[in-house]
Amino acid sequence: MEFTNCKIIDLPKIEDPRGNLTFIEENNHIPFEIKRVYYLYDVPGGETRGGHAHKKLHQFIIAANGSFDVILDNGDKKKRFHLNRSYYGLYIKNMIWRELDNFSSGSVCLVLASDFYDEDDYIRDYNIYKCKRK
Ligand code: TYD
């Protein structure tokens with residue numbers, strides 16, 4: 001399931017009757033160095049997050065708890081990914097517009113990012129994004 005070089009990546013899962021364990025190594029399971037981790041939580045039902053693209057940032061998104069959808073848009077086509085397990089995630093390259101919706105109650109959206117927070121890296125206007133994609 002690939003969309004404009006973005007794809008679901010399965011992670012190692014160490015099954016154990018005491019509880020399962022999953023791990024992620026930079027440049028191994030995901031194709032970038034992890035400089036930042038952030039998470040979305042307490043998202044009210046019906047809310048939407050995202051609504052932007054990044055000029056350079058790469059991200060890896062995991063449903064650490066619960067479920068939600070990530071809609072990727074390359075300026076031409078859209079694809080909806082449903083994330084609902086913590087042993088895989090969605091790798092999103094730079095210059096892809098994304099929106100997140102359909103958050104289940106208690107869901108946690110864990111994001112690994114290739115760089116520190118920088119507002120200058122965001123494209124928050126869809127029309128500007130579409131122009132830059134051309
Ligand atoms: P934003 O990335 O727009 O949220 P989302 O795409 O998940 O809906 O960020 C929301 C606000 O939080 C914005 O004012 C910037 C701030 N923020 C930081 O200060 N540091 C961070 O690492 C992130 C991701 C956001």
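All values derive from a computational prediction rather than experimental measurement. As the structure lists them, so they are numbered: ligands from 1, and atoms in each ligand from 1.
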Per-atom contact, atom 14 (O) of ligand 1, protein heavy atoms, under 4.0 angstrom: no
Does at least one non-hydrogen atom of Y122 fall below 4.0 angstrom from an atom of ligand 1? yes
Note the single closest protein heavy atom to atom 17 (N) of ligand 1, along with its residue, its atom name and the distance in Å. Y117 CE1, 3.8 Å
Indicate yes or no: does an N/O atom of R36 lie under 3.5 Å from an N/O atom of ligand 1? yes
How far is atom 4 (O) of ligand 1 from the closest protein heavy atom, and which atom is that? R49 NH2, 3.1 Å
Nearest heavy-atom contact between N65 and G106 is ND2-O, 2.9 Å
Taking the six-membered ring of F116 as reference, does the NZ or CZ atom of K35 fall below 6.0 Å from its centre and within a 45° cone about the axis? yes
If you measure every N/O of L40 against every N/O of ligand 1, is any gap under 3.5 Å? no
Ignoring hydrogens, tell whether any protein atom lies closer than 4.0 Å to atom 20 (N) of ligand 1; use the non-hydrogen atoms only. yes
Ignoring hydrogens and angles, tell me if any N or O in the side chain of S114 forms a donor-acceptor pair with the backbone of H58 under 3.5 Å. yes
Note: ligand 1 atoms sitting under 4.0 Å from heavy atoms of Y38 are 24 (C)
Kindly indicate whether atom 24 (C) of ligand 1 is approached by any protein heavy atom to under 4.0 angstrom. yes
Do L100 and T48 make a side-chain contact, defined as non-hydrogen atoms from C-beta onward lying under 4.5 Å apart? no
Whether K13 side chain and L21 backbone form a donor-acceptor pair below 3.5 Å: no
Do the numbers put R124 on top of the ring of Y122, so that NZ or CZ is under 6.0 Å from the six-membered ring centre and no more than 45° off the axis? yes
Given R80, which partner from the list D101, N102, D73 fulfils the side chain to side chain donor-acceptor pair (under 3.5 Å) test? D101
For H52 and ligand 1, does the shortest N/O to N/O distance drop below 3.5 Å? yes
Is there a donor-acceptor pair closer than 3.5 Å between any side-chain N or O of E2 and the backbone N or O of K7? no
So for ligand 1, is R124 a polar contact partner (N or O within less than 3.5 Å, distance only)? yes
